[in-house]
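One structure is given here, and the rest of the page talks about it.
The sequence lines fix the lettering, A, B, ..., with proteins before strands; numbering per chain opens at 1.
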There are 2 protein chains.
Amino acid sequence: MRYHRSDVVDRAIAVLDEYGLESLSMRRLAAELGVQPSALYHHVPNKQTLLAAVADEILTRGKRPHRAREWDRRVVEVCAELRDAMLAYRDGAEVVVTAHTFGLGAAEPANQLRAALRDGGLPDDLVDVGTRALLHLVFGHTVEEQMALQAASAGAIDRAPGGPADFERGLELVLDGLRSKVGG
Amino acid sequence: MRYHRSDVVDRAIAVLDEYGLESLSMRRLAAELGVQPSALYHHVPNKQTLLAAVADEILTRGKRPHRAREWDRRVVEVCAELRDAMLAYRDGAEVVVTAHTFGLGAAEPANQLRAALRDGGLPDDLVDVGTRALLHLVFGHTVEEQMALQAASAGAIDRAPGGPADFERGLELVLDGLRSKVGG
DNA sequence: ACCTGAACACCGTTCAAGT
DNA sequence: ACCTGAACACCGTTCAAGT
């Protein structure tokens, strides 16, 4: 059987979702595809690049249309889409955040947020600061939430995991700050 | 030579700072101490626990007195202390954030932030939401900043790394949101 | 109590050789 | 172009045995 890069990425996501990030090794993935580990390096230069591709694919699969017209409602939509996309696969948040940290892929959400803040009439420097703040909030919240969800499903007794309500309230804090500057 | 747990942690920080997190293996650390890898397991149950201890020690070393009296100024002080503590060692932010993510140690900053927000007269649920938002902001910003600093010092040309100015402006966004709720 | 020596079950990556 | 087979240089962790 002959594979393409997209087959490798798809299978990587399947392994990630079923067994978790710590089990997603190049050797394990190769075995899953019925191929020698060295064969993977024909489709992907290294594991880091593969994980970046996995992150991008997770975000692509989570894409949805944005209907909001006001810039601040669109920010909430983009952030919610990002959160839902990461939560859709086991350890998805960890993978996306790591890719973003290393500057590999996962750039789409940042671009959408920047565009929304610019539409809001914010000055360039505040667009930058705001975009980063929103992204860090969504990433931090979602990694924590997914951690708690997975711990709970593994039987560990845990307090309520934050959830979508706390998520939006954290967002509103930053949006309040931004809105107070848009008219200033 | 006989070692104690604190010797192991101290040496781990030295290795971290000099060679980076990816070089901080149990085997490498053992070699650095002139001991067999298995000897480390008399002082520490596993690597995860060691890294949590490293995170806590990094935060302890970065401790400083807080002089601000207003709650919002104290928030800024706590956040700046946290950021500086993590930046003081190579990959320090990554280590502290990972420990916090896995719920191992790194709990002090959260407690200090909670106390400050409570002093501000915020209701309990907003104290929770605000603490998490501030923590995620500081963590996200500092990991990104440290990444950029290390990339720059490794010769990669990079745009200005955010720095303390952007850091405080992101913070102010959330503080604006919180302040608008304290009188409401 | 603390350490050694040896082993177990893995990693990511490279590279000559095959088809 | 894509894959195999074998190797290189590592991992974290366990455990009997020593002092």
Side-chain angles (χ1 to χ4, degrees), chain A residues 1-57 90-91 94-95 97-99 101-105 154, chain B residues 1-57 90-91 94-95 97-99 101-105 154:
Chain A
M1 231 282 203
R2 249 110 202 268
Y3 294 110
H4 293 87
R5 188 187 152 103
S6 62
D7 300 317
V8 174
V9 173
D10 287 354
R11 191 66 148 216
I13 293 183
V15 172
L16 177 74
D17 198 41
E18 190 160 6
Y19 305 102
L21 181 57
E22 75 174 13
S23 295
L24 180 51
S25 68
M26 296 298 271
R27 297 180 102 103
R28 171 77 185 257
L29 178 58
E32 208 86 15
L33 289 163
V35 111
Q36 293 292 322
S38 50
L40 297 179
Y41 292 85
H42 278 272
H43 303 101
V44 123
N46 51 49
K47 190 181 181 180
Q48 201 179 184
T49 305
L50 172 64
L51 287 177
V54 165
D56 279 333
E57 177 64 19
R90 162 128 77 135
D91 291 332
E94 200 69 52
V95 171
V97 170
T98 301
T101 297
F102 286 85
L104 308 163
Chain B
M1 230 281 200
R2 250 111 200 265
Y3 294 109
H4 293 87
R5 187 187 153 104
S6 62
D7 301 317
V8 175
V9 172
D10 287 353
R11 192 65 149 215
I13 292 182
V15 173
L16 178 73
D17 198 41
E18 191 160 4
Y19 306 102
L21 180 57
E22 75 175 12
S23 295
L24 179 51
S25 67
M26 297 298 271
R27 297 180 102 103
R28 171 78 185 255
L29 178 58
E32 208 85 17
L33 289 164
V35 109
Q36 293 292 322
S38 49
L40 297 179
Y41 292 86
H42 278 272
H43 304 101
V44 124
N46 51 50
K47 189 181 182 181
Q48 200 179 186
T49 304
L50 171 64
L51 287 177
V54 165
D56 279 333
E57 178 63 20
R90 162 128 78 132
D91 291 333
E94 199 68 52
V95 172
V97 170
T98 302
T101 297
F102 286 86
L104 308 164

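- Put simply, the side chain of A:R11 gets close to the backbone of A:E32: a donor and an acceptor are under 3.5 Å apart.
- By the side chain to side chain donor-acceptor pair (under 3.5 Å) test, B:E57 pairs with B:R61, sequence neighbours left out.
- Only B:R2, B:Y3, B:R27, listed by number, bring a heavy atom of residues 2-33 of chain B to less than 4.0 angstrom from any atom of DNA chain C.
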Return all side-chain donor-acceptor pairs below 3.5 angstrom for residues 16-27 of chain A, not counting sequence neighbours, or 'none' if the list is empty.
from, atom 1, to, atom 2, distance (Å)
A:D17, OD1, A:R90, N, 2.8
A:S23, OG, A:Y19, O, 3.3
A:S25, OG, A:R28, N, 2.9

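- Closest approach of B:Y3 to B:H43, counting heavy atoms only: O-NE2, 2.8 Å.
- Listed in residue order, the members of residues 45-55 of chain A having a heavy atom less than 4.0 Å from DNA chain C are A:N46, A:K47.
- Closest approach of B:V9 and B:A53 over heavy atoms only: CG2-CB, 3.8 Å.
- Partners of A:D56 under the side chain to side chain donor-acceptor pair (under 3.5 Å) rule, at least two apart in sequence or in another chain, do not exist in this structure.
- Distance check, rounded to the nearest 0.5 Å: OG1 of B:T98 to CD of A:E94 gives 7.0 Å.
- By the side chain to side chain donor-acceptor pair (under 3.5 Å) test, A:S6 is found to be paired with no residue, residues two or more places apart in sequence or in another chain being considered.
- Separating the C1' atom of D:dC8 from that of C:dC11 is a span of 12 Å, rounded to the nearest Å.
- Closest heavy-atom contact between B:A52 and B:A99: CA-CB, 4.2 Å.
- Heavy-atom contacts of chain B under 4.0 Å fall on DNA chain D between two terminal nucleotides, which in 5' to 3' order are D:dC11 to D:dC15.
- Evaluation of the salt bridge (Lys or Arg N to Asp or Glu O under 4.0 Å) test over residues 39-51 of chain A, restricted to residues two or more places apart or in two chains, returns none.
- Remark: B:A39 pairs with B:V35 by the side chain to side chain contact (heavy atoms under 4.5 Å, CB included) rule, at least two apart or across chains.
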Q: Any chance you could encode DNA chain C as dot-bracket? Rule is Watson-Crick or G-U wobble with both distances under 3.5 Å; [ ] for pairs crossing earlier ones, | for another strand.
A: ||.|||||...|||||.||

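- Distance check on atom C1': C:dC10 versus D:dA9 gives 14 Å, rounded to whole Å.
- A heavy-atom distance below 4.5 Å is not found between the side chains of B:Q48 and B:L51.
- Checked against side chain to side chain donor-acceptor pair (under 3.5 Å), A:S38 has no partners two or more places apart in sequence or in another chain.
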